[in-house]
Each structure stands twice: as structure tokens, then as C-alpha cells.
Peer 1: 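What follows is a single structure, and I will ask about it in a moment.
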Amino acid sequence: MSLAPPKQEPHSSHWGKSPMFLHPQEADLYIQGFVYQPEMCRKNCGYYGNPAWHGYCSRCWIHERQKRQTSPLTDGFRHHTGTLFMKSERENTSDLGQNENTARVVTINTDTMYAQHSQSSYRYFPTTDVTADPRCFIPWSSLESMAKRDFSDFLKALRRPEAQQLNAQCTNLIQRLQNAKNLTPNTMGEQIQDFYHRIADQFPDHMTEERGYFLDNIEKLVMTRLYRSVFCLDGSTDEQKDLLLQRRIKSLKWVTPKMLQVPLDETIVEVKDWTLSAVTAMLEMDSRRAPQDKLTCVSRASNCLFKSIRASKKDPATADDFLSCLIYITLRANPPRLFSNLEYLTRFCNPVRLTTGEWGYCFTNLCCAVSFIENLDASSLSLTQEEFDCLMKQHKTELSTQNSVAQQSTLQQMQHNKKLLAELQHRQDNLIQRAEVLEKELRAWPQLIHGEVKEIIRRYPLDISRTSSQS
């Protein structure tokens with residue numbers, strides 16, 4: 001079903017405000033002309049659920065995954081119940097409750113996988129430091145002064161005397177998690193999320209913007225220093241799943257834009273440039289450390305796709321257009337450690353950023369694209385099973401042929417390099433011999449000069465005659 005969003009650029013103000021911990025009546029997701037009303041977490045813990053986490057909040061989703069030992073991260077959004085309002089282009093989202101006749105409502109209810117859910121209460125993690133008490137965690141005098149949009153300004157404010165308590169708590173948390181040997185990344189993620197919640201609880205409801213800036217800066221400060229201790233650890237299941245997903249994407253290189261119904265006309269130079277920019281942004285995601293920086297890469301890729309779709313169609317992009325294009329550039333880019341990056345965002349990113357605003361929209365669609373790739377079959381591309389199997393087999397044959405050609409080319413290059421090294425070795429030996437001869441000559445040169453001087457003095461002795469001075 002194609003849903004046409006308003007004719008606006010996706011990166012401009014039509015994304016709407018990016019609310020942080022809003023009240024239920026303010027928590028609608030305004031994106032591309034849709035108003036998505038998120039539901040509360042299935043366990044009624046007081047936080048909003050995310051379609052990417054089966055309708056749970058980040059904390060409850062991690063608990064459920066540990067119990068089930070689980071299914072991929074990207075399966076979740078297919079099992080969520082929600083309401084999607086499709087607004088007309090002229091309507092204002094604030095009129096949604098007043099003018100019900102001007103909006104169509106599509107109810108999404110595909111929750112067929114998980115019918116029963118265990119009930120658990122929200123809990124804090126036991127710690128031995130003072131971070132367990134949210135009331136004494138941050139002095140109120142420093143909250144407003146440190147709620148800066150720019151991270152460098154936040155770091156400057158963090159050096160002030162009134163911010164030393166917060167600085168100490170962040171340092172204690174980082175050191176405690178870095179020194180913990182038996183904690184899994186999921187457990188670390190739960191403690192980080194608990195840390196975010198305690199900070200957010202200290203802000204009043206009217207300070208949503210300041211709270212958002214403050215949490216973004218805290219997240220970047222903590223996760224930049226914890227990155228090596230929590231991301232894609234050696235021997236982890238994330239590393240194995242990264243390899244499986246990378247091989248899966250590589251095996252689908254034969255999928256064409258036409259099969260995916262991608263509305264891109266890459267014969268247009270502008271469209272080709274925007275598409276390459278989107279691929280580049282997806283590849284850059286793995287090089288970023290802070291979760292918000294990784295989400296920025298996903299958002300930048302999405303914006304490039306919207307621009308390329310508009311340049312191709314001369315019309316605004318629909319949700320189906322955007323998703324098919326996102327699947328296409330994911331197959332084309334094959335981003336490194338894609339699964340680990342999605343898991344990292346799920347565990348350690350501010351959950352509100354993943355469920356609201358531009359970042360939440362892009363992240364959910366990326367999860368959807370990865371899930372589509374994982375489960376792609378003949379019916380997904382409107383092919384018969386025989387055609388699908390033939391294309392997969394043909395691609396494997398081409399890959400084996402390319403590998404053999406690459407191996408032969410590598411062997412030839414190695415032999416050429418071996419000859420060059422032998423020649424260099426011969427030249428080096430000659431140079432060493434000449435250097436040794438020169439060294440012997442230099443050592444003999446002073447004695448030779450001394451002997452010649454003596455011989456000259458012997459043959460031509462100096463006769464020093466004294467003359468008397470006449471008065």
C-alpha cells in the first residue's frame with residue numbers, strides 16, 4: 001500500500017519536533033505525513049514500546065530476549081500493534097483529535113508470534129555507589145547550565161565545580177563496566193538504560209528540550225569511552241551473526257532495482273550522486289562510536305534517498321518507495337558489522353531517540369530492511385522458486401569464478417613481487433660490499449697521508465737559519 005507523504009524535504013522541519021519523554025498526548029510520531037501513536041510497553045512499566053522491540057521498551061525487550069535466547073533484533077517490528085493516521089497535506093497534526101473525518105486510520109495488528117508475556121516489575125540494578133540514589137545524583141544548579149546542544153560546550157560545563165559530582169558518577173559507571181569481566185553486553189545495556197532513566201527523572205516535564213540535549217551529551221560521553229568494551233567483542237554471538245548477515249547480503253548481489261521496484265533512475269547524474277552519498281553514509285556508520293553519531297549516518301543516508309526519489313519521480317516519496325530504496329542501498333553497500341551496529345543502538349542508545357522523530361523513523365525502517373533481507377525468498381521478488389534457485393546458483397558460480405581469477409591474479413602478483421625482492425636483495429648486497437670497501441679505504445687514508453708527509457720531510461728537510469739583527 002503506497003502512502004504519499006507531504007511535499008516537503010525529509011530533512012527539513014516537517015519531521016516535527018523530536019520530543020523527549022513526552023506525555024502520552026504529546027508522544028505522536030510526526031514523520032513524512034504520518035502520525036504514529038506509540039503504545040505503552042507491553043509490561044506496563046511506564047515507558048513507551050518500540051515496534052523494533054516487539055512492542056516492549058528497551059529494558060523489557062532485553063529481558064524478553066534473554067528469556068527466549070532469541071530471535072533476530074529485526075523481527076520485532078512485524079509483531080507490533082499500533083495505529084497509523086494518514087494525514088492530508090494541508091492538515092495540521094494538532095487538529096487530529098478535532099477533525100476525525102479528514103484522516104484515514106489504518107490499524108496494524110500483526111502480533112501473531114508472541115501471545116503470552118511474563119509480568120515483571122521495573123527494577124533498578126543494585127550498585128555500591130551513589131548512582132543508585134537518583135535524588136542526589138546531579139545538583140539541580142548544574143542541570144540547566146549543562147543542558148547544551150553542542151557537545152564541546154557540555155564538556156566545558158563539566159569542568160565546573162558544581163558539575164564534579166556528575167563527572168565522578170559518569171567516571172565511576174564507566175570504570176565499573178570496563179572492569180566487569182562477567183557482564184554480558186545485554187546486562188551492560190540494561191545498566192546504561194537504567195542510568196539514562198535516573199537522569200531523565202530529575203527533569204520536570206516542561207524541560208523536554210533541555211532533557212534531550214542533556215541525555216544526548218551524557219550518552220556520547222559515556223559510550224565513546226565504553227565503545228571498545230561493549231561493541232562487537234571477540235568471540236561474541238554478534239560477531240558470528242555479522243558474518244552470516246554479510247554473507248547473506250553478498251549472496252544477493254544479483255538482486256536488481258527492478259526486482260525491488262526501486263523508483264530510482266540512475267541514468268540521471270543527480271540521482272546517481274545522491275545514491276552514492278547514501279551508500280557512503282551507510283558505510284560510515286561502523287566508524288562512529290557514539291550511538292547518536294551512528295543514527296546520524298542512517299538519517300543522512302535516508303535524506304539522500306528521499307532526494308534521489310524526488311529527482312527520479314518528480315513527486316514526493318511514499319513509504320514503500322523509501323523502504324525499497326533502503327533495502328537496495330543496504331544490499332549495495334553491505335555495511336560492515338551491520339548486526340552489531342543495530343544491537344549496539346538497541347542496547348545503548350537513548351530509547352526515545354529510537355522511537356520518535358527522524359532518527360526513530362530511519363532506524364525502524366533500517367531494521368525493516370535488514371529483516372526483509374534476512375527472510376528474502378522467491379515470493380519477495382515476484383519470482384518462481386526455480387528462477388530464484390537458478391539465480392542463486394548462477395551467482396555462486398560467478399563468485400567461485402571470480403575467486404579463482406582473483407587467486408590467479410594474486411599468485412601472479414606474488415611471483416612478480418618475489419622477483420622484485422630478489423633484484424632488490426642483489427642490489428643491496430652490492431651496495432653493502434661497496435660500502436665495506438669504502439670503509440677500509442677511509443680507515444687506511446690517514447696512515448697513507450701520514451706516510452707521504454714523512455717522506456716529503458725526509459726528502460726536503462727544513463733548514464731554519466737565524467740572522468742577527470743589525471743595529
Side-chain angles (χ1 to χ4, degrees), residues 10-11 52 72-74 149-152 154-155 170 174 177-178 185-186 188-189 192 215-250 253 272-308 325-351 353-354 357-370 373-374:
H11 65 285
L73 154 78
T74 55
R149 177 188 290 268
D150 188 71
F151 185 63
S152 59
F154 171 80
L155 293 179
C170 292
I174 293 168
L177 293 181
Q178 286 178 336
N186 285 337
M188 292 183 182
I192 292 294
L215 285 176
D216 287 343
N217 290 326
I218 289 291
E219 175 193 286
K220 192 166 188 175
L221 173 69
V222 173
M223 296 314 306
T224 300
R225 296 174 61 183
L226 279 177
Y227 186 74
R228 292 185 180 274
S229 302
V230 299
F231 181 78
C232 194
L233 303 179
D234 293 338
S236 64
T237 57
D238 291 353
E239 186 178 15
Q240 299 172 4
K241 292 178 180 179
D242 280 329
L243 293 175
L244 291 175
L245 181 57
Q246 193 169 29
R247 290 169 186 167
R248 172 66 173 172
I249 294 176
K250 190 175 181 180
K253 285 293 184 181
K272 186 176 181 180
D273 291 342
W274 284 122
T275 304
L276 290 176
S277 298
V279 172
T280 302
M282 291 293 292
L283 293 173
E284 287 179 0
M285 177 173 60
D286 186 62
S287 64
R288 301 293 186 259
R289 290 195 172 195
Q292 57 193 268
D293 293 338
K294 292 181 180 291
L295 283 176
T296 300
C297 291
V298 178
S299 175
R300 191 167 73 250
S302 301
N303 289 330
C304 291
L305 286 179
F306 276 111
K307 292 177 181 178
S308 62
C325 290
L326 190 57
I327 294 170
Y328 171 62
I329 68 160
T330 303
L331 289 173
R332 184 170 172 179
N334 196 358
R337 299 189 292 189
L338 180 56
F339 183 86
S340 291
N341 279 289
L342 294 179
E343 285 286 305
Y344 177 75
L345 290 173
T346 304
R347 293 166 180 155
F348 302 108
C349 185
N350 178 2
R353 292 302 191 196
L354 297 182
E358 177 181 354
W359 284 355
Y361 179 77
C362 298
F363 176 76
T364 301
N365 276 275
L366 180 58
C367 290
C368 183
V370 173
I373 293 171
E374 289 176 337

Peer 1: Report yes or no: does S299 contribute a side-chain atom to a donor-acceptor pair with the main-chain N or O of T296 at less than 3.5 Å?
Peer 2: no
Peer 1: For I174 and L221, work out which heavy atoms get closest and say how close.
Peer 2: CD1-O, 4.4 Å
Peer 1: Do the non-hydrogen side-chain atoms of L331 and K253 ever get within less than 4.5 Å of each other?
Peer 2: no
Peer 1: Return the CG to CG distance between L338 and L283, rounded to the nearest 0.5 Å.
Peer 2: 10.5 Å
Peer 1: Which pairs pass salt bridge (charged side-chain N to carboxylate O under 4.0 Å, His left out) with one or both residues in residues 219-233, sequence neighbours excluded?
Peer 2: K220-D293
Peer 1: Which heavy atom of P185 sits nearest to which heavy atom of F348, and what is that distance?
Peer 2: O-CZ, 3.7 Å
Peer 1: If you measure from NZ on K307 to OG on S302, what distance do you get to the nearest 0.5 Å?
Peer 2: 12.0 Å
Peer 1: Test side-chain contact (heavy atoms from CB on, under 4.5 Å) on N186 and R347; report intermediate values, then the result.
Peer 2: CA-CA 7 Å; N186 285 337; R347 293 166 180 155; 2.8 Å; yes
Peer 1: Looking only at non-hydrogen atoms, find the nearest pair between L245 and F339 and report the distance.
Peer 2: CD2-N, 4.0 Å
Peer 1: Checking R300 now: which residues fulfil salt bridge (charged side-chain N to carboxylate O under 4.0 Å, His left out) with it, not counting sequence neighbours?
Peer 2: E284
Peer 1: Can you tell me how far apart CG (L354) and SG (C362) are? Round to the nearest 0.5 Å.
Peer 2: 11.5 Å
Peer 1: Please lay out, stage by stage, how Q178 and L226 fare under the test side-chain contact (heavy atoms from CB on, under 4.5 Å).
Peer 2: CA-CA 7 Å; Q178 286 178 336; L226 279 177; 3.6 Å; yes
Peer 1: Do L295 and F363 make a side-chain contact, defined as non-hydrogen atoms from C-beta onward lying under 4.5 Å apart?
Peer 2: yes
Peer 1: With rounding to the nearest 0.5 Å, note down the distance linking CD in Q292 to CZ in R353.
Peer 2: 8.0 Å
Peer 1: Nearest 0.5 angstrom please: N341 CG to T346 OG1, how far?
Peer 2: 10.5 Å
Peer 1: Partners of D286 by salt bridge (charged side-chain N to carboxylate O under 4.0 Å, His left out), sequence neighbours excluded?
Peer 2: R337
Peer 1: Please check this pair: side chain of R248 against backbone of I373, looking for a donor-acceptor N/O pair closer than 3.5 Å.
Peer 2: yes
Peer 1: Apply side-chain hydrogen bond (donor to acceptor under 3.5 Å, both in side chains) to S340 and list each qualifying residue two or more places apart in sequence or on a separate chain.
Peer 2: D242
Peer 1: Check V370 against L342 and note the closest heavy-atom contact, atom names and distance.
Peer 2: CG2-CD1, 3.9 Å
Peer 1: I want to check something: taking the side chain as every heavy atom from C-beta on, are I192 and L177 in contact at a cut-off of under 4.5 Å?
Peer 2: yes
Peer 1: Give the intermediate values and the outcome of side-chain contact (heavy atoms from CB on, under 4.5 Å) for residues D238 and L233.
Peer 2: CA-CA 8 Å; D238 291 353; L233 303 179; over 6 Å; no
Peer 1: Restricting to pairs with a member in residues 219-247, which pass ring-ring contact (aromatic ring centres under 6.0 Å, His included), not counting sequence neighbours?
Peer 2: Y227-F231, Y227-Y344, F231-Y344
Peer 1: Taking all atoms of both residues into account, what is the closest heavy-atom pair of A333 and M282, and its distance?
Peer 2: CB-CB, 4.4 Å
Peer 1: Side-chain donor-acceptor pair under 3.5 Å between N303 and E358, yes or no?
Peer 2: yes
Peer 1: Would you please test T330 and L366 for side-chain contact (heavy atoms from CB on, under 4.5 Å) and show each step?
Peer 2: CA-CA 9 Å; T330 303; L366 180 58; 4.1 Å; yes
Peer 1: Return the minimal non-hydrogen interatomic distance between L345 and P291, and the atom names on each side.
Peer 2: CD2-O, 3.4 Å
Peer 1: Output all residues satisfying salt bridge (charged side-chain N to carboxylate O under 4.0 Å, His left out) with R332, sequence neighbours left out; order by chain, then residue number.
Peer 2: E266
Peer 1: Are the side chain of T364 and the backbone of G360 linked by a donor-acceptor contact shorter than 3.5 Å?
Peer 2: yes
Peer 1: Measure the CD-OG1 distance between E343 and T237 for me, rounded to the nearest 0.5 Å.
Peer 2: 7.5 Å
